[in-house]
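Structure, as structure tokens:
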2 protein chains.
Amino acid sequence: MPSFDVLQAACPSRSVLRHLTDRWTPMVVAVLSDGPARFGQIRGRVEGVTAKVLTETLRSMERDGLVTRTAQATMPPRVDYELTPLGRTLVTPLAAVRSWAEQHAEQVLEARARYDDTVD
Amino acid sequence: MPSFDVLQAACPSRSVLRHLTDRWTPMVVAVLSDGPARFGQIRGRVEGVTAKVLTETLRSMERDGLVTRTAQATMPPRVDYELTPLGRTLVTPLAAVRSWAEQHAEQVLEARARYDDTVD
DNA sequence: CTCCTTAGTTACGTTGAGGTACTTGGTTTC
DNA sequence: GAAACCAAGTACCTCAACGTAACTAAGGAG
């Protein structure tokens, strides 16, 4: 086994890590961890994401094998997204980071306020 | 307690999450999880980061209360960085994501190869 | 007297992620 | 018969992140 290491510049795991930390990826994973969802449902739950960027994010996740995309050629179109088994193994790690952000947001905000006070 | 939710556009936890997922933050946390380190040591272990961006990353982490910065006014200067108690609570969640990237890099690369084959 | 050290700062240039606005398509509601 | 519906595709634009190169500090080595 090649032993990947994100600390090494040329290691492919670094590009993987970078995708995981894309702006909307953790939120999309959070939404899909509740089960499959349609494009519009995801868009509804992830506040502030535009259709274009959500499409790009989902395509990128599909390419990386994290989600499956099932399109029905009906009109209007209906497209379902679902986490793959690989994508499901991501739920716990990303949820941990998300939950850290939510649980420690208060402390971080306080630290910022303190820091900004000590700066001219 | 105000109950933070990253899925809500205006929630402060979202800016916190965004900082955690800055390009170099997870790697810096990984390095500092081994103990305090000097600027040059961090720079040496995080391959590819430039001095300017590492400075910015560390300053931002200091502002958020994740690291302490201890400068000696000697010449040449010596500056030590260390995770705060708050920063140390970040080690486990971020290590989980880092380790996911390393352990599943192979599968992601395979998925990309397969996907790219099915595209003209 | 010039070089090298460390941990920056500053000015500037580049890049790419993300955002806005417009277009597509066939069926239902006004 | 026009307009909304849903999930996009595309062209264009913006801005913040990131990068490069040059400069700074005080003292010791060559």
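Below, read A as the first sequence line, B as the second, and so on, with proteins coming before strands; counting in each chain starts at 1.
In this structure, B:Arg78 pairs ionically with B:Asp80, as a charged nitrogen and a carboxylate oxygen lie closer than 4.0 Å. Using a 4.0 Å cut-off between a side-chain N of Lys or Arg and a carboxylate O of Asp or Glu, A:Arg14 and A:Asp5 do not qualify as a salt bridge.
Counting non-hydrogen atoms under 4.0 angstrom, A:Arg38 reaches the backbone sugars and phosphates but no base.
Among the nucleotides D:dA8, C:dA7, C:dG18, the one closest to the side chain of A:Lys52 is C:dG18. Taking only side-chain atoms of B:Thr55, from C-beta outward, the nucleotide of D:dC5, C:dG8, D:dA8 with the closest atom is C:dG8.
For B:Arg14 and C:dG18, the CZ to C1' distance is 13 Å, given to the nearest whole Å. Counting to the nearest Å, the P atom of C:dT6 and the OH atom of B:Tyr81 are 15 Å from each other. Taking atom CG on A:Leu58 and atom P on C:dA17, their separation rounds to 16 Å, with Å as the unit. Here the C1' atom of nucleotide C:dG18 and the CG atom of B:Asp22 are 15 Å apart, to the nearest Å. Between the P atom of C:dG8 and the CE atom of B:Met75 lies a distance of 12 Å, rounded to the nearest Å. Whole-Å rounding puts the A:Trp24 CH2 to C:dG18 C1' distance at 9 Å. Distance CZ (B:Phe39) to C1' (D:dA25): 16 Å, rounded to an integer number of Å. To the nearest angstrom, C1' of D:dA7 lies 14 Å from CD of A:Glu56.
The phosphate of C:dG19 has OP1 or OP2 within less than 4.0 Å of a side-chain N or O from A:Arg23. For B:Arg78, no side-chain nitrogen or oxygen approaches OP1 or OP2 of C:dG8 to under 4.0 Å.
A residue-by-residue look at A:Val53 and A:Pro77 shows that A:Val53 has its nearest nucleotide of DNA chain C further toward the 5' end. With the nearest nucleotide of DNA chain D identified for both A:Arg59 and A:Arg18, A:Arg59 has the one nearer the 5' end.
Counting heavy atoms from C-beta outward, B:Arg112 and B:Tyr115 have side chains that stay 4.5 Å or more apart.
The only option from B:Thr50, B:Leu58, B:Val53 that meets the side chain to side chain contact (heavy atoms under 4.5 Å, CB included) definition with B:Trp24 turns out to be B:Val53.
For A:Tyr81 and A:Arg69, the side-chain atoms include at least one donor-acceptor pair closer than 3.5 Å.
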